[in-house]
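Start at 1 and go down the list; that is how both ligands and their atoms are numbered.
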Amino acid sequence: MKLNAMLLALGAALSINAYAQAPIVIKFSHVVATDTPKGQAAERFKQLAEKATNGRVKVEVYPNSQLYKDKEELEALQLGAVQMLAPSLAKFGPLGVKEFEAFDLPYIFPSKTALYNVTEGEIGKSLLKKLEPKGITGLAFWDNGFKVMSANKPLHAVSDFKGLKMRIQSSKVLDAQMRALGANPQVLAFSEVYQALQTGVVDGTENPPSNMYTQKMHEVQKHVTVSNHGYLGYAVIVNKKFWDGLPADIRAALDKAMKDATTFEKAIAQRDNDMALDAIKKAGKTEIYTPSVKEQAEWRKALLPVQKDMEGRIGKDLISAINKEAAK
Ligand code: LMR
């Protein structure tokens with residue numbers, strides 16, 4: 001063989017080899033900081049997945065809306081620009097899967113046990129199934145926690161909300177919730193909240209403490225009320241075409257990695273939120289208030305009707321099925 005031909009053959013062999021060894025890349029985009037329950041679990045999944053597949057899969061995690069903001073990331077997943085996300089359950093409404101907004105209903109989960117009865121049972125499974133016609137496969141539910149309310153004025157009585165502009169996620173249930181308190185809800189992407197609070201575009205917001213603290217929202221919010229009036233959690237989702245196209249052994253390894261990352265996530269979520277609330281307290285810029293029994297009763301009275309009002313949107317059967325599971 002002439003030298004040129006040999007070099008060509010060698011080059012071709014090398015590139016075929018390089019192609020055969022190129023890892024499968026999973027771009028995992030999310031909007032929160034790395035030191036949140038979701039952020040840490042995404043990193044844990046990366047470690048577990050890369051180890052279990054001996055490097056045949058590479059997971060690239062993009063935190064903090066680095067790649068996409070809330071709405072864009074769902075579009076990017078459907079287009080295949082990223083392969084994995086973990087949006088909060090409040091963000092599936094705009095996709096047309098309104099049933100996920102059931103998780104936003106005020107006081108629907110009296111405890112984490114009640115929540116797990118739903119997410120880990122038949123209801124959780126059937127909700128994830130509803131994503132498939134959208135080209136999305138649901139892999140797991142990840143936890144965050146119960147929400148607190150914040151503003152630059154004390155939020156004790158329901159009347160304290162009157163006229164306040166409150167940032168919400170893109171959920172009609174959250175819209176109804178803020179209106180039931182007399183506030184004016186405003187949908188904003190998570191990445192825009194700090195600045196909106198700082199510049200007075202909105203007066204207040206709600207989130208579990210871990211999100212509030214890691215975005216430094218407490219630096220621009222003088223008052224936090226530990227109301228635990230609602231829940232925030234996630235669904236980990238992948239592009240269905242991508243997922244179905246994976247070699248079966250890889251998919252099985254990733255499934256297992258996801259299962260283990262989920263166990264990890266659930267173990268750290270509450271602890272992280274407790275620590276974040278403590279850190280907000282210690283930062284000394286925000287007054288933390290726990291509502292009295294009487295105030296809590298007043299909040300419930302104002303907010304519980306939202307469950308009934310939203311039956312038309314979410315489905316009466318689903319809401320009562322969740323309430324039944326939650327009461328077990
Ligand atoms: C929010 O937008 O407030 C949250 O959904 C952010 C998140 O992903 O926890």
Is the backbone N or O of His218 less than 3.5 Å from a side-chain atom of Thr286, with the two atoms forming a donor-acceptor pair by type? yes
Sorted by chain and residue number, the residues having a heavy atom closer than 4.0 Å to an atom of ligand 1 are Val31, Val32, Lys38, Ser88, Lys91, Arg167, Gln169, Phe190, Asn207, Asn211, Leu232, Tyr234
Do Lys328 and Glu325 sit within salt-bridge range, that is, some charged N less than 4.0 Å from a carboxylate O? yes
Hey, do the aromatic rings of Phe45 and Trp142 have their centres closer than 6.0 Å? no
Lys162 side chain to Ala183 main-chain N or O, any donor-acceptor pair under 3.5 Å? no
Shortest non-hydrogen contact from Phe146 toward Ser111: CZ-C, 4.0 Å
Over 60° means perpendicular and under 30° means parallel, so tell me whether Phe161 and Trp299 are parallel, tilted or perpendicular. perpendicular
